[in-house]
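Reminder, nothing fancy here: chain letters follow the sequence lines and each chain counts from 1.
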There are 2 protein chains.
Amino acid sequence: MNDALFLRNPEDSELGKKIIKHSIQLISKNGLEAFTFKKLAEDIGTTEAGIYRYFENKHRLLIYIAAWYWNWVEYRINFQTNNIKDPFKRLQKVIKLLATTVVDDKKTFHVDENLLHQIIIAEGSKAYLTKQVGEDNKHHFFKPYKDLCATIGDIILECNPKYKYPISLSTTIIEMAHLQNFFMNNLPSLTDFGNSKDEKKIVVFLENLVFSSLK
Amino acid sequence: MNDALFLRNPEDSELGKKIIKHSIQLISKNGLEAFTFKKLAEDIGTTEAGIYRYFENKHRLLIYIAAWYWNWVEYRINFQTNNIKDPFKRLQKVIKLLATTVVDDKKTFHVDENLLHQIIIAEGSKAYLTKQVGEDNKHHFFKPYKDLCATIGDIILECNPKYKYPISLSTTIIEMAHLQNFFMNNLPSLTDFGNSKDEKKIVVFLENLVFSSLK
DNA sequence: TTTTTAATAATAGTATTACTATCTTTTATT
DNA sequence: AATAAAAGATAGTAATACTATTATTAAAAA
């Protein structure tokens, strides 16, 4: 994790872990706009100043949470694809991992991965859709996302070494896996899965999109 | 335009048109987060209360601007494709219109379409990525966006009547046309066009993506 | 032309947000 | 037992996101 994202490492203390845990819960419950350090402090049972000792502001905290998420996705993808030889099958697995609901990993007791997944779907892009994106990028805050895109880009090139847009196709897969999910649940007429609300259909849509491009 | 989006129709008065014009300028310059009704009022030379007579809040104003944009895009697409018979050529035109910089239409002197395009790229998704999306949707605030998707979906079906995901492919084209542009200019290593910063490459990427799916 | 009305301008005020500062108490380390 | 670091308690400020009221001006109806 990038040290510049926090003032004090939240992984290093109980209070820090509570900040992460309750942030995820509160953002998931009320949305990022309604989320404040005051409410977070009340929820935890500490003070606003206590939170500010860990994170400079809400935006940094969001980026931290997003970075945590992308690191975790990358780890999961590597773990679950490293024994698959066929790059097409590997890419298929990647699509499935990105587009389907995740089960809470009990090892990381301070992070509910399922809530986290929901947060990133609805709030993740707000981490970079800002005027400070250039500054934030200089601090390498988006490295986990970029690493993931590079990983997926490599698989794409294994499928078809002549394909010209491996990174853009990666971001398309990632962003669309999330956006189609958001639309399906919130603006169903913006997808073809509004009636069934079945994540598997998003997977099939993305597979079709990706594999016809790579043929 | 949906009446429920405003308290007083901004198209009906000089002040109203100034609100739209200066909103677009200010959001484009400082981003949505830094944009406030107070600053907008100062910029126009009116008072905060004056703005509140037109729009309930900043979020409604954003949705209004986005709705204006999607209506305008739809109009443009219809105008520029209605004499093209071949649906593939029509879809090609749609992709080009969505993914390339727009020239300011002097007829709408109170809206700089080029700035507007930039705003929608960076801030457009914030109109729906909220907890109130369901409520906002009940008020039909996203109808222009949906109509555009339906229009593009119809062209897709003309290209291939058996294609199963015309709406999801439409949102993919629209959102990726914008997102690849944002990445190209702000997080270039998340695209394959970072070096050239050439919008035409985004068009080629999207054409490749879409037409290989429809074959 | 006067009257009514509608829109705008001017001003004030409130609760909440996004912080910063300081001081004390608790907990962990030497 | 002494020291340092983290956390808790409290206070304060500028800005934000509104609401309310009253006065002024301009346009429309009588």
Quiz item: When you check every protein heavy atom under 4.0 Å of nucleotides 24-30 of chain C, what one-letter string (B, S, -) results, 5' to 3'?
Solution: -------
Quiz item: What string of B, S and - do you get for nucleotides 10-23 of chain C, 5' to 3', when a contact is any protein heavy atom under 4.0 Å?
Solution: -B-----SBBBB--
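With hydrogens and angles ignored, the 3.5 Å screen pairs no side-chain donor or acceptor of A:N137 with any backbone N or O of B:L187. A donor-acceptor contact shorter than 3.5 Å links the side chain of B:S170 to the backbone of B:G153. Remark: the backbone N or O of B:I167 is paired with a side-chain donor or acceptor of A:D192 at under 3.5 angstrom. A donor-acceptor pair under 3.5 Å links the side-chain atoms of A:T130 to the main chain of A:V133, judged by distance alone. Between the A:H139 side chain and the A:A4 main chain, no donor and acceptor come within less than 3.5 Å of each other. Side chain of B:K131 to main chain of A:S28: a donor-acceptor pair is present (N/O by atom type, distance under 3.5 Å, no hydrogens or angles). Looking at A:E48, its side chain never comes within 3.5 Å of a backbone N or O of A:F37 through a donor-acceptor pair. B:D43 places no side-chain N or O within 3.5 Å of a backbone atom of B:K39 that could act as its donor or acceptor partner.
Atom pair A:E14:CD and D:dG8:P shows a separation of 12 Å (rounding to whole Å applied). Rounded to an integer number of Å, the gap from A:N9 CG to D:dA6 P is 12 Å. In this structure, NZ of A:K17 is placed 12 Å from P of D:dA7, rounded to the nearest angstrom. With rounding to whole Å, B:Y54 atom OH is found 7 Å from C:dA7 atom C1'. A straight line from CD1 of B:I44 to C1' of C:dT8 spans 13 Å, rounded to a whole angstrom. In this entry the distance linking CD1 of B:I19 with C1' of C:dT8 reads 11 Å, nearest Å. In this structure, the CG atom of B:L40 is 12 Å from the P atom of D:dA17, given to the nearest Å.
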Exercise. Show your reasoning for whether salt bridge (charged side-chain N to carboxylate O under 4.0 Å, His left out) applies to A:K126 and A:E33.
Key: CA-CA 11 Å; A:K126 295 172 191 169; A:E33 279 67 39; 3.3 Å; yes
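Within 4.0 Å (heavy atoms only), A:F55 reaches no atom of the nucleic acid at all.
Residues B:T100 and B:E199 have side chains that never bring a donor and an acceptor to within less than 3.5 angstrom of each other.
When the side-chain nitrogen and oxygen atoms of B:R8 are compared with OP1 and OP2 of C:dT8, one or more of them lie within a distance under 4.0 Å.
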List, with names and distances, any nitrogen or oxygen atoms from the protein found under 3.5 Å away from nitrogen or oxygen atoms belonging to nucleotides 22-27 of chain D.
none

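Within a 6.0 Å sphere centred on NZ of A:K146, heavy atoms belonging to other residues, nucleotides or ligands number more than 12.
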